[in-house]
Novice: 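For reference, the structure I am asking about is given below.
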Amino acid sequence: MPHYEYHCDACDTTFNATLTLREHEEERLRCPQCGSEKVHQLVSTFSAVTSKKS
Ligand SMILES: [Zn+2]
């Protein structure tokens, strides 16, 4: 199961969540800290980092 990293805008907390594809598409995720739905997914760092030297 893939891990997703999320950030809560309400309490400024970053947390990881493992979701099924269905849950992920529906975006029904709540912050474990404050229960807010104001969370957004962070970009995966491992795939975003590209070190190309030209
Ligand atoms: Zn929160």
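Computation of the quantities below employed the complete heavy-atom set of this structure, encompassing side-chain atoms and omitting hydrogens, waters and symmetry-equivalent molecules. Order of listing sets the numbers, starting from 1, for every ligand and every atom in it. Residue indices begin at 1 and follow the sequence shown.
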Novice: Strictly under 2.8 Å, how many protein N, O or S atoms lie near the Zn ion (ligand 1)? Waters don't count.
Specialist: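 That number is 4, waters not included.
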Novice: How many angstroms lie between CZ in Phe15 and CG in Leu42, if you round to the nearest 0.5 Å?
Specialist: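 If we round to the nearest 0.5 Å, Phe15:CZ and Leu42:CG are 9.0 Å apart.
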Novice: Hey, what do you get for NE2 (His40) to CD (Glu5), rounding to the nearest 0.5 Å?
Specialist: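 So the gap between those two atoms works out to 10.0 Å.
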Novice: Rounded to the nearest 0.5 Å, what separation is found between the SG atom of Cys31 and the CG atom of Asp9?
Specialist: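 Going from the SG atom of Cys31 to the CG atom of Asp9 covers 10.0 Å.
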Novice: Of all heavy-atom pairs between Cys11 and Gln33, which one has the smallest distance, and what is that distance?
Specialist: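 In terms of heavy atoms, the two residues are closest at SG-CB, 3.8 Å.
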Novice: What is the distance from atom OH of Tyr6 to atom CD of Gln41, rounded to the nearest 0.5 Å?
Specialist: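 Reported to 0.5 Å precision, the distance equals 4.0 Å.
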Novice: Once rounded to the nearest 0.5 Å, what's the spacing between atom NZ of Lys38 and atom SG of Cys8?
Specialist: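 That separation rounds to 9.0 Å.
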